Protein chains: 2
Amino acid sequence: MLQEHRHQKIEAYLKQQKAVKASELATLLNVSIDTVRRDLEVLEKKGLLKRVHGGAILKQNKDNVLNKLFNEREVNHLEKKQEVASLAIELIEEGQAIALNGGTTTIEIAKVLVEKFKRLTIITNDLRILGILGANKNFNVILTGGFYNPEEYTLYGKQCEEVLSHFNIDIALITVNALSIEHGLTDFRIHEVGVIQTILSRTKYKVVVADSSKFETSSYITICPLKNIDLIVTDSSLPFHIAEEYDRHNIRTLSPS
Amino acid sequence: MLQEHRHQKIEAYLKQQKAVKASELATLLNVSIDTVRRDLEVLEKKGLLKRVHGGAILKQNKDNVLNKLFNEREVNHLEKKQEVASLAIELIEEGQAIALNGGTTTIEIAKVLVEKFKRLTIITNDLRILGILGANKNFNVILTGGFYNPEEYTLYGKQCEEVLSHFNIDIALITVNALSIEHGLTDFRIHEVGVIQTILSRTKYKVVVADSSKFETSSYITICPLKNIDLIVTDSSLPFHIAEEYDRHNIRTLSPS
DNA sequence: CTTTTTTTTGCATTGTTTTGCATTTTTATA
DNA sequence: TATAAAAATGCAAAACAATGCAAAAAAAAG
């Protein structure tokens, strides 16, 4: 049996049973217990389960049902992202033109926007965001054009940036993979970097939305230094010493009071 | 057994089994495992499956945004549209740049394109077409930007036409709501009209794809006279007297022989 | 219909990943 | 703390994948 297939079977079995013994899976799947352990290790890294002595237990995410709609790269830190989203929309005023780039945090923002606002203009390169906001008649939703990245459900490239470059954006809510004082905003999504840079160049009020786990990490490609950013919105788990250090560097951060 | 036949068999088997071992396919199809691997490689590029160690697993994108757009409204004259689609793609050559506007006939064309071509550049304003072609690594798919029309799953407006206006299109396959000698191409989709006009202005070879039911009908908004069109592709049910009359007016039509 | 060209296929070689076993270390519980 | 069960670790065998190449099969050209 294929490894991936085995993983699917374990996942299905676990969802049903909530907890499984490794030895049980070994006989069930006709492989050695070592292989089962390695499988469980992989699935744990995906955030699907928690390994315990003897086997594993299902890690239930509250919003699993909701996440199913968007799926793929599993949404960890979901609750933190929701916290960030709720805080970030406080910065927005009715009628403004907003840019949201591609990412799971901005998706959470889009969900909150639908609830809280009557009239907005939103430009995005993320089809999942379009899916959330597009049906809403009160919002003016503009999708950038461009090449399609089916892994991320986003658009990128010359056409994308061309459309963006004709916009005057009141407030940009940007999500990136990593940020640090030393390296600034960084990301591994090679196509997304140009999009973010273009958005920033067209925006008056530049806001980065990032859950606390992204602070003081860095990724391969540099987007811009942190001094170019007006505000970083994060969640309540940001360690005090980091917040302090950012303050010392004159980088404004905002977390739930 | 022919390569294409083998690919179809693999596809069918995989859809049933969800996951297959390469060795299993080799015995099943009576070819070496190397050939199976090469087959899987091709099918992976088409976005149909994901290769894993030992074989491949079906890529079922049930719950992504784009696939949510499908079904819904049932298509009338589906068989006729498929007939038109199969005929229309005969006009296309490997490597060309093609424009497909929004509509159910162009959706059928997109489905056939995946099967028959290796390398194409396609620009469209229809998200359903993006859903069909987007996962295919062999195709360069460009989505126009613009405002989103959730009724039609299409994009329109200044941004949309701006992106289109930078393209040099080899062949445009245009679907409209109605066409007649007297009124030319007409449509009721107010936003789509501008998109079609822009596409036509950027295209060398202008082809209208229309099932026979659309002939000698008309709709509210005029797009252009028929003399601006190089060819109209239709199905086998077009009444002879209409075909004759179009001929008399020097309007070329093409239907299955 | 035959010859030439192109494509496809299977095989051999080499490199990589996965797996099960043996051994040591850790953990749970009496 | 003692003990058994489970987990981690290192390792070698097996399964699998990538590459280059030559023969075979199709397709194209004459």
Side-chain angles (χ1 to χ4, degrees), chain A residues 1-14 16-59 73 151, chain B residues 1-14 17-59 86 89-96 112-120 135-139:
Chain A
M1 185 182 318
L2 253 38
Q3 193 185 56
E4 193 107 11
H5 195 202
R6 222 170 43 226
H7 290 176
Q8 287 173 10
K9 284 210 165 189
I10 293 175
E11 189 181 334
Y13 190 71
L14 191 62
Q16 195 184 33
Q17 306 278 329
K18 310 295 177 204
V20 283
K21 283 172 64 177
S23 57
E24 195 181 334
L25 285 172
T27 51
L28 206 76
L29 300 168
N30 262 325
V31 287
S32 78
I33 198 157
D34 306 73
T35 302
V36 171
R37 284 210 190 89
R38 277 184 282 244
D39 286 345
L40 293 177
E41 200 176 350
V42 172
L43 294 174
E44 183 175 43
K45 280 206 181 127
K46 276 196 183 172
L48 247 144
L49 53 80
K50 185 159 156 42
R51 237 137 46 94
V52 294
H53 194 87
I57 54 174
L58 183 65
K59 203 171 170 184
R73 200 191 326 159
E151 317 287 317
Chain B
M1 184 185 312
L2 249 42
Q3 196 182 50
E4 196 155 331
H5 189 207
R6 222 169 43 226
H7 288 178
Q8 285 172 9
K9 282 211 164 189
I10 293 175
E11 189 177 335
Y13 190 70
L14 190 62
Q17 304 278 328
K18 311 293 178 205
V20 283
K21 284 174 66 173
S23 57
E24 194 182 334
L25 286 172
T27 51
L28 206 77
L29 300 169
N30 263 324
V31 287
S32 77
I33 199 158
D34 306 73
T35 302
V36 171
R37 281 206 195 91
R38 277 183 283 243
D39 286 345
L40 293 178
E41 201 175 352
V42 171
L43 294 173
E44 184 177 43
K45 280 215 176 123
K46 285 197 177 175
L48 204 93
L49 53 81
K50 186 171 126 218
R51 238 139 43 96
V52 295
H53 193 94
I57 58 172
L58 184 66
K59 211 174 180 183
S86 306
I89 63 149
E90 303 284 330
L91 305 167
I92 298 169
E93 284 165 38
E94 202 72 57
Q96 283 188 319
V112 189
L113 286 179
V114 177
E115 306 284 317
K116 303 284 179 185
F117 288 88
K118 288 222 175 76
R119 195 167 48 85
L120 288 175
N136 193 321
K137 294 228 166 73
N138 298 316
F139 291 0

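Order of the sequence lines sets the chain letters (A, B, ...), proteins ahead of strands, with each chain counted from 1. Just so you know, these numbers come straight off a predicted model, no measurement behind them.
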note = Residues pairing under salt bridge (charged side-chain N to carboxylate O under 4.0 Å, His left out) where one sits in residues 26-40 of chain A, two or more places apart or in two chains, turn out to be A:Arg6-A:Asp39

request  = Check side-chain hydrogen bond (donor to acceptor under 3.5 Å, both in side chains) between B:Thr35 and all other residues, then give those that pass, not counting sequence neighbours.
outcome  = B:Ser32

request  = Using the test side chain to side chain contact (heavy atoms under 4.5 Å, CB included), find all partners of B:Lys118 that sit at least two apart in sequence or belong to another chain.
outcome  = B:Glu94

task = Report the distance from atom NE2 of B:His5 to atom P of D:dA26, rounded to the nearest whole Å.
result = 15 Å

query = Taking protein heavy atoms under 4.0 Å as touching, what does nucleotides 18-30 of chain C look like 5' to 3' if B marks base contact, S marks sugar-phosphate-only contact and - marks none?
reply = SBBBB----SS--

message = List the residues meeting side-chain hydrogen bond (donor to acceptor under 3.5 Å, both in side chains) with A:Gln3, not counting sequence neighbours, and say none if there are none.
response = none

ask   = With sequence neighbours excluded, what pairs up with B:Glu115 under the side-chain hydrogen bond (donor to acceptor under 3.5 Å, both in side chains) test?
value = none

ask   = Under 4.0 angstrom, heavy atoms only, what part of the nucleic acid is A:Val52 near: base, sugar-phosphate, or nothing?
value = sugar-phosphate

Value in whole Å for how far the C1' atom of C:dG15 lies from CZ of B:Arg37 = 13 Å

ask   = Rounding to a whole Å, what distance do you find between B:Leu25:CG and D:dC16:C1'?
value = 15 Å

query = Roughly, in whole Å, what's the span from CD in A:Glu24 to C1' in D:dA6?
reply = 15 Å

ask   = Is there a side-chain contact between A:Leu14 and A:Leu25 (heavy atoms, below 4.5 Å)?
value = no

